[in-house]
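One structure is given here, and the rest of the page talks about it.
A note on names: the letters A, B, ... follow the listed sequences, proteins ahead of strands, and every chain is numbered from 1.
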Amino acid sequence: MRTFLLKRLPSALLVLLLASFLVFLILRLIPGDPATSLAGPDAGPAAVSAIRAQLGLDRPLFGQYLHWLGQLLTGDLGPSYAIGGQVADLITDGLGATAQLTAAALLLVVLIALPLGVLGATARRRPVGAAVRAFTTAVLAVPPFVTGVLLVLLFAVTLGLLPAGGHESLLDAPDLALQYLLLPAVCLALPSAAVLARYLTDGIERALAEDYVRTATAVGVSRRRIVWRHALPNALPSAVTVLGLQIGHLVAGAVLVERIFAWPGLGQLVEQGVLRRDYPVVQDLLLLIVAVYVTVQLLTDLVYAWLDPRIRWE
Amino acid sequence: MTASTPPPSATTATAATTAAATPAAAAAAAAGHPGAGAPPRTVLKVTDLTVGFDGTTAVDGVGFELAAGDTLGLVGESGSGKSTTALALLRMLPAGGRITGGSVELDGQDLAALPEPALRALRGRRIAMVFQDPMSSLNPVLTVGRQLDEALRAHGAHPDRRERAARAVELLDLVGIPDAAGRLRDHPHRFSGGQRQRIMIALALANDAEVLVADEPTTALDPTVQRQILDLLTRINRRTGTALVVISHDLGVIARTCRRLLVMRHGKVVESGTTAELLGAPQHPYTRQLLAAVPRLETPSGAAANSVPGPEPLLTVTGLRKTYGSRRRAVTALDGVDLELHPGETLGLVGESGSGKSTLARALVQVHAPSGGAIRFRGEEFGRGGERTARREVQLVFQDPYSSLNPRMTAGQIVAEPLIAHGLGDRAARAKRVAELLEQVGLDPASADRHPRAFSGGQRQRIGIARALAPEPSVLICDEPVSALDVSVQAQVLDLLARLQRDLGLAILFIAHDLAVVRQVSHRIAVLHGGRIVETGPADRVVTAPEHPYTAELLAAVPRLDPAPVPALTSRSTV
Amino acid sequence: MTALAAPARALPARARNRYLAGLLTGRGLTGLALVGTVALAGLLAPLLTGQDPDAQGPLALAGPSAAHPFGTDDLGRDLFSRVLHGITTDLALILSAVPVGALAGCSLALLAAGHRWADTAVQRVFDLVLAFPGLILALAVTAVLGPGRWPVFIVIALAEIPLFGRQLRSGILVQREREYALAARVGGASQRRVLLRHVLPNAVDPLIVQAAVALSVGVFIEGAMSFLGLGVRPPEPTLGSILSQSVGYLATRPTFAAAPLAATTALVLGFTLIAEALNRGIRR
Amino acid sequence: MTSFPTAPALSRRTLLRGGLAGAGLLSLAACRSAADTAAGQATGDAAGPRRGGVLTVGTGVDFTPALLFAQSANTLVQRLVFNTLTRYDDKLQPQPELATSWQVAADGASVTLKLREDVTFHSGRRFTADDVVFAVKNLQNPARSAQLRSTATAVTDFRKNGDFELTLVLAHPVSNLFDLFEFMIVPDSETVEEAFAGTKLIGTGPYTFTERKPGSSITFARNEKYWNPGRPYLDGVEIRVVPQAESLLSSLKTGQTHLSYSIRGKDIATLRSDPQFRITPYDTGSGAYYIGANLTAEHVSDKRVRQAIAWAVDRERLVEQALGGYGTVSATPWPKSSPAYSAEAAGHYRHDPERARQLLKDAGLTGISLPFAHSNDPGNTAVAQILQYDLKQVGIETVLQPTDSPTMQKQLIAQSMPALWTLSHGFAQLHPATLAVSAYPFNEAKNSSRFSSPAYTDIVQRAWQRPDSDSPEAKALYGRITDVLLDEQFVIDLAIAGLTEVAVGKARGATLNKFGYLNLDDAYLTA
């Protein structure tokens, strides 16, 4: 395992370096700059150039890039331009909130997808199977921004069961925090759960056609046990790969969901950062997201190998 | 039919177990029917069994009876319905298949009519099954212990987990897995093919079933391993009194294991009787045909009749080495191989899985670069010009006629590929050549526009040969060209190769594990073991007077068609 | 030697065209019918409705009526006409962007099959595209290019590149080890020819399924971009823009969202059914 | 009062239990419900002002610390933490705050202020005249990007007369001096940079800053040492950021927030019939919708084209469909409270496509196509589409360019806008001169329209550089400014829609000043 990690580390770092360059470049390509958005709508050129100088935006681009890399290496991310406060603090807070949200969503994804995937494979010819398929299709067809608003209307406005949006610290008030968490997590989880359920159904169906299932049947193992204990474990490794990709989608989906549910996470922060051209915040955040993704991919590969004993870390 | 050569110096465990088992068999045979002396009880009675697949009839009115402790063999070629019959016994037909008539009575209970849950309760407990391919028939992600545990808990006989674990160890011990307790936590891929088949048998035996159905239990295995597995089945039959139904396309396998035989063709039983009767005096023409097609180890080489090898070697291999993997954990596949192949000669290369024979074949056709040593073609070394002529003149025939043909191309396109690759002829000339080649291998040139899946296994192998012949090679490397084919088809393909050698003066490197086949077609035989050639010599001499102990071991493992060691009927002992 | 599957293999005629066989199942036909109906409705929009999709009027947020079968939107535009025209826009976008993305992804995968270093490089490119949150990509592309169809097109195509590329790459890795590929090499075919003529045709099967999935992903991306104000230039209707417009009226005017939602659902359902049907056809 | 009068907590829990069966959820249900925690825990009499409780204010845009000293989209924070020198009443008459009295010199060249002596900053430091000096100098710093910087820079000298009396010497008379005093918050000089970075806000206001979670919320606690005795009533204030308009509305409906100024007009329209809510329009904020024209661009350089556009727009429909009826049709920037307001001028342009077509014909321009930028949020996109349609009816094709706000801002400042754009502007609710010297669209010296005319400059400067703002002469000048605007139409005003307060019934007493600063001195929550 250590050799596996050592082997993957250089290319992971390379991806990060490339990503940093891309992020930096993309931000500079986007029209509008932090100074003008900071200056406000009624500022004069003097104000703008004063702010530019203050932010160091008048330096050559490559110098700015190197400066940023230097900041990254020393771990001192500096202050944000527009949002206020230190970038590191902003990201730490946002990361916590988003981590809660995605972790909850991930849990829901697994909790929803597992039974649905199994049902889809085993009850294909029965009404239950049709219902499962209808559900996954519906979830895939309705965009999350519609799902989100519908969930709020139903559970918050009409039924008054859950809050319409917002966030509570998990440490201060765990019971309230969970209630705040539920709707956005469901909204975020549904599409990924539907995708995963489909892959699981597919994998289980394929596993059920394998010879070892015949063996298990021949020794008298019950159908239920065959599905859950024999076919499912074989469908899991590739499902984990899909799940790994879905984590990327969860992070991306967070931009929409966090906005609908006023969830103060990275998605919101990215959006705010882009909207105000807060370069440091956006740069560091995007790089963080790429890093998270790369790590998740590494983890996925490790879990894959753990789930499938035929694969060994090389 | 001459008497078999006695097993040479018994150094292997196999020989030991056989020896241990024999007195018991003899005793049982002497006592006639041990126990009360009454005729043994019938455990399985199949009457007029008919199985349909989406409208076609795959099994048509099969019937037999199986007494407790008896052994029955079902023999037949592809499509004869033997495996479908086996699956129908447990009602485990694949999708689309259905028992459309007849009954399968297990102790008077008709399995064909039983509801699924009741049937499940019987599977594994009273009637169990061992499948053909131990590679795919064991769950790759579950440990062997888990799978045995599943089998044990399926029938609730052992409610305690530790008890089940103990029983699993016992079972692995029974089927001869060394260090059984230590290996419960290993996954199937950590076991060899033979060991996996043993584990399959252990799974089937987990609940002391009275009837064990073994579907091609040794087809995928090397001869020596095959022999061990067959001995194991015999031993189990004798020790526990489990009645055996063995399905095989290989008469030798069945003759060794079963007391009675059923010959099947096109879904019907064409002949049945005791093994001795059937082998000694076959009645049905098909049975006779089948018997005649089986290559016999005793048959002397027919290669000399085809051609006389030229004096100058065409292909010379010296000190060939090949290692895989990283430098630290290198696996040696070939360890200094020396070979010579003369024009018009057939050199039989014999070896079991892992001996390096496929690696050698691939090195010769330049798919793998060797790690050391030299290959010379017409005296020119590979890497110094020799490889260019060799690329065209050395061609390969593959083992598996299913996977070696591109499913997306027509037969004509497949055969034309090497012509295109070597830039031989224009479109019209190629079409003409393809027709010629197809005719040469005994196929209708009109079938050129059909896809591989429209051909039978034997026909596909002919396409493969036609493809190899396309660039007019002087050397044909045949990597197990007939081991995936039925015996009758096998004979036809061998005939084709012989004819081609006669007509074209080809040099053939014939790689196979079946010594009987190899002896028949080869001028000389080389025995490959652990990446080294351990013995080389004229074909007849190597078979009749092996010099290396490994050659002798290989020879001893070849199943014979003489019914001598067939075990007698044993009754079921209490387990 | 598998005698087991022999009876099932005895039906070669039926398996002649596996795609067709898959499509001609109940599932496949339903999918085709759904997509076909929606697509046809979009194509025939000028015939089906005389209304200009951009014509505004004082009658805003009206419910369904004879004059406006689906009602009107917040600016008094006829929703029936807008939805029909929106379908055309969506399909035009998706049916052009997905193939382009697929082609790019596949080309990269083929490139990767050439050399070890190319493989590493291409894999990292896929990683990079996958790692960038899609909506950030959307923000960046739109900001650089300005609004319109192009950013939507590019974002959809970009998103598809790694999906197709990864799939084809693993397909090639598997197929390349098959004996027929080896046979082609032994027969003297160049590496290029083996890849293009032998391996590729056998590795594309999963891509057909991926394509159908990708089409529904395309509908999704278009909608999300519209929601963030990054979509197709207004007032041109798209399903996503109508949907995002309707979100504000879900509580008070639920009929507003119904029509675009129904069209989207039919499209996604149709594409998934087709994908499933093809999948089963291939596996048969 | 809770927001669910018919659903007592118990039944809600039962519902939750039944509706969302699941082991994890059951344990949730047994706890408090987050859906009604926003309901204050205040006790007391419902009749009058009552102490206690935390008021939750919902906003769509987060607070930007760097814009603390400027007019921005979120001005809820300024007057909670800080004070201004004076504040306007409804008739634009200044009333005392930190300044108790003031004397403008007869020539208008200086103003003398007397300050409160009992004020301390949250840090405990006493407030003195030095802090006023600092506040003015702070606004003179271009980096603070204060809109009223021009007025602040008119202050050339400070003469202190003790700790609590001060004279500001002006370079010339300015008519909008009290706009500056209304606008200028007085920060703590020692922590101003921290305030600018958003880490520490120290002022003299009724609430002390406790915590900010960027993108989520800002919380405040009562300033126990506030100079206004007995105030504030509330224990605290939470400003909650809910960027999605639908969600903001939901949070009001569920009682999670008590008060908001960010509800869209069309959403307010759906609340009108609900007795649970009180709706109060203010004419402050950046509330006037307009079409801007870049006078250097083709076609629109012709005044007739701009006038044709003014005639082409159906302002009534715009207000109805895009603003939910919350707005006033107007061809001038002035709200009714402005001294420059005139009903006749406001109705100068009506929806008259025929006249528009005629003007275009006169200009010899038919079938022109113009780029038309707008902000890419849903509300402004709807406005732009309505305008596009109306212009199309008179023969002006437009290509919409949805633009995100930083890009738009850069273009505005760089004067590189396309031929047409639509946006909204503020500052008309103050003294009219402020609009023309401080609001960028109207700035006589430099504006996005690249409009300049000596006549306009002259009138604007004269209106600004005078000590009085209400005299008939001043009003005559305002009338002339309006005339120029109506004639030139470099800014084509369409409708005025200020901020609208939506409050749940129990939240009372909140007010906004003319710059939209939220004032909660007198706010309270009823039981």
Side-chain angles (χ1 to χ4, degrees), chain C residues 51-62 72-78 82 135-136 138-152 223-238 240-254 256-257, chain D residues 243-250 253 263-274 314 316-325 351 371-393 397-408 410 418:
Chain C
Q51 297 262 19
D52 175 0
D54 298 337
Q56 303 179 0
L59 184 69
L61 294 171
T72 58
D73 73 356
D74 52 347
L75 304 184
R77 296 177 291 201
D78 178 45
R82 282 188 78 71
L135 293 169
I136 302 305
L139 277 168
V141 174
T142 313
V144 173
L145 291 186
R149 287 191 182 200
W150 280 109
V152 184
M225 285 182 71
S226 278
F227 186 70
L228 292 180
L230 305 168
V232 167
R233 188 192 298 270
E236 184 174 0
T238 64
S241 67
I242 303 172
L243 257 182
S244 59
Q245 224 182 318
S246 74
V247 159
Y249 304 96
L250 274 177
T252 45
R253 296 275 174 208
F256 191 168
Chain D
Q244 191 61 31
E246 291 81 24
S247 309
L248 184 57
L249 184 65
S250 297
K253 284 184 177 170
I263 305 291
R264 296 177 301 192
K266 54 187 182 182
D267 289 335
I268 299 174
T270 67
L271 298 177
R272 215 162 3 196
S273 56
D274 193 335
D314 183 350
E316 311 279 349
R317 189 169 73 92
L318 179 78
V319 168
E320 204 47 52
Q321 290 184 349
L323 309 180
H351 184 215
F372 190 7
H374 64 91
S375 181
N376 66 351
D377 61 280
N380 280 303
T381 306
V383 169
Q385 290 184 73
I386 289 175
L387 297 176
Q388 181 189 41
Y389 183 72
D390 284 349
L391 294 185
K392 192 179 169 187
Q393 302 313 304
E397 288 286 344
T398 49
V399 181
L400 293 189
Q401 295 183 342
T403 314
D404 76 340
S405 59
T407 311
M408 188 88 112
K410 182 160 190 177

Heavy-atom pairs under 4.5 Å with chain C, option from D:H374, D:E316, D:R264, D:Q244 with the top count: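 Most pairs with chain C among the choices: D:Q244.
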What part of [X] gets within 4.5 angstrom of chain C, counting heavy atoms only: side chain, backbone, both, or neither?
X      : value
D:T381 : side chain
D:Q388 : side chain
D:Q321 : both
D:A245 : neither
D:D267 : side chain
D:P378 : neither

How far does NZ of D:K392 sit from CD of C:Q56, to the nearest 0.5 angstrom? 9.5 Å
If we ignore hydrogens and angles and just use 3.5 Å, is the side chain of C:R233 paired with the main-chain N or O of D:L400 as donor and acceptor? yes
What part of C:L228 lies closer than 4.5 angstrom to a heavy atom of chain D: side chain, backbone, both or neither?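 For C:L228, backbone heavy atoms alone lie under 4.5 Å from chain D.
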Taking side chain as everything from C-beta outward and backbone as N, CA, C, O, which of these in C:D74 sits under 4.5 Å from a heavy atom of chain D? Side chain, backbone, both or neither.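 Looking at C:D74, backbone and side chain both touch chain D.
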Residue pair C:L75 / D:R317: nearest heavy atoms and the distance that separates them: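 Closest approach of C:L75 to D:R317: O-NH1, 3.6 Å.
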Sort out for me which of C:G76, C:P234, C:A60, C:G229 touches chain D most, counting heavy-atom pairs under 4.5 Å.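 Counting heavy-atom pairs under 4.5 Å, the top option is C:P234.
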